[in-house]
2 protein chains.
Amino acid sequence: MSLATRGKSAESRTPLSRDRVLRAAVKIADEGGIAAVTMRRLAEELGAEAMSLYHHVANKDQVLDGVVDAITAEINQAVGRLALPTRGAAWKEAARQRILTARQVMLRHPWAPAVFASRTTTSTEVLLYYDGLLGIMRDGGFSNDLCHHAMHAFGSRALGFSQELFTPSGGPSTGEPDPVMVAMAARLPHLVGMLAEVVHDDPDATLGWCDDQAEFEFGLDLLLDGLDRRR
Amino acid sequence: MSLATRGKSAESRTPLSRDRVLRAAVKIADEGGIAAVTMRRLAEELGAEAMSLYHHVANKDQVLDGVVDAITAEINQAVGRLALPTRGAAWKEAARQRILTARQVMLRHPWAPAVFASRTTTSTEVLLYYDGLLGIMRDGGFSNDLCHHAMHAFGSRALGFSQELFTPSGGPSTGEPDPVMVAMAARLPHLVGMLAEVVHDDPDATLGWCDDQAEFEFGLDLLLDGLDRRR
DNA sequence: ACCTGAACACCGTTCAAGT
DNA sequence: ACCTGAACACCGTTCAAGT
């Protein structure tokens, strides 16, 4: 047994646990993206062997489920610190702040939306988050039926992110126009016309898809206003 | 060289091509989900070896990019058959039908939304789709600026799907309540209360996430109505 | 030019064996 | 009970060699 190995096992005196595995997964994803989270890399981070992980998580899918839980727990902690009135018309601002707070957590973990999108199982933390949002809407006077529709209408936006299917200009850093679009300009009259008028350089574009703060809030307010009108 | 091998090469007399590869990928995904699309399985479907594919596509990522293009081409063909008035107030119904038509194509390929969500590069067919939607909104009298906000607000909904983060009851087939939720009922008063009132069994739930037609249309109309009001 | 066999560097995961 | 080494069955992809 080499010195290096001995040092490593001394360092990892703290026993493995489901919780340590999940925290390590979040750390690795924050540093190198979700693709960097492999069972072997995870074990390395914890000073153990890949096979040891299987004593604490059933498989990799369960690691990703756990990561969703961990991120949403972070969100629940953040929204728990909010203390806004929720009765009557105040529901809208309370819901708005709750969702924008969730978004701030997501912005710290830009890889997270893709993981959320890939999961199909029910996360207990996600259930708790939605329950809180429902509570705000019930206080606002919404019927259960309308609440139900609203949850579906929000979709992922309730948790602070929305899926953008294309970035209508160059990457977030470069101001260069998209070469694919330049080549097709003749067949995209409305898109080209729009972009000529709307300067779409957004230094803060992030979260994987182009999905900046102002656009997120526009879409969110469209939904909140529409729901408020049907309250 | 065996008879079987000889038969196979005779069958695949038609040479490989990017187009054949992409069509095969869609076929395999339709039959076995997107995970079934591997380079080796793709080659098998085409009566070739995995390595032969690399003469027609750069790598697997490009296969998935091409699949998005292929599905959106199918959508563009379908919406191309629509012939609705678009001027003035008619924009809303035209946009609505365009989006619901896209959704019908997506429903034939339930694995597609996840693939769309995972891509970051610009698909020419997606650009063409959005250009058409923009055209409808311009006819409706929207400014380029408002059009731009609208595209972001729609997000993936413009292409007929939306991400649902949890299914608030059992699976689409079973009427069983979610065991995770039953165990947590005490901490989820609003969720449990809502579901007790709203019978959430939806035999047509599909598209991977619970995202049925009525809920999709509710969310879509919320956006369309809100936009129309700001026109 | 197009196609392929063998090989490489990775995965997630199983199993039998160690302490 | 917890951990691990070796091995298995898969990936995507490279390379040198075939026609």
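What you are looking at is a predicted structure, and each value in this text was computed from that prediction instead of being measured. Just so it is clear: chains get the letters A, B, ... in the order the sequence lines come, proteins before strands, and each one is counted from 1.
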- Note on the structure: Result for 5'-nearest mapping on DNA chain C, choosing between Met39(A) and Arg40(B), is Arg40(B)
- More 5' along DNA chain C: His55(A) or Ala35(A), using each one's nearest nucleotide? Ala35(A)
- Message: Both His56(A) and Thr38(B) contact DNA chain D. Which one's nearest nucleotide lies toward the 5' end?
- Response: His56(A)
- Ignoring hydrogens and geometry, is there a side-chain-to-backbone donor-acceptor pair from Asn76(B) to Glu125(B) under 3.5 Å? yes
- List the atom of Ile75(B), the atom of Ala102(B), and the distance in Å for their closest heavy-atom pair. CG2-CB, 3.7 Å
- Item | Secondary-structure string, 5' to 3', Watson-Crick or G-U under 3.5 Å, | for another-strand partners, for DNA chain D | ||.|||||...|||||.||
- Task: Run the salt-bridge test on Glu49(A) and Arg40(A) with the 4.0 Å N-O cut-off and return the result as yes or no.
- Result: no
- With a 4.0 Å cut-off, would you call Asp131(B) and Arg187(A) a salt bridge? no
- Message: Regarding Ser52(B), tell me which of base, sugar-phosphate or nothing describes its non-hydrogen contacts under 4.0 Å with the strands shown.
- Response: base
- When you measure from the side chain of Thr72(A) to the backbone N and O of Val68(A), does any donor-acceptor pair fall under 3.5 Å? yes
- Query: Of all nucleotides in DNA chain C with an atom under 4.0 Å from a non-hydrogen atom of chain A, which is the first and which the last going 5' to 3'?
  - Reply: dC11(C) to dT14(C)
- Task: Output yes when a side-chain donor or acceptor of Lys60(A) lies under 3.5 Å from a complementary backbone atom of Val37(A), and no otherwise.
- Result: yes
- Checking Arg103(A) side chain against Ala158(A) main chain: does a donor-acceptor pair fall under 3.5 Å? no
- Item | Test item: Arg98(B) side-chain N/O and Leu159(B) main-chain N/O as donor-acceptor pair under 3.5 Å | no
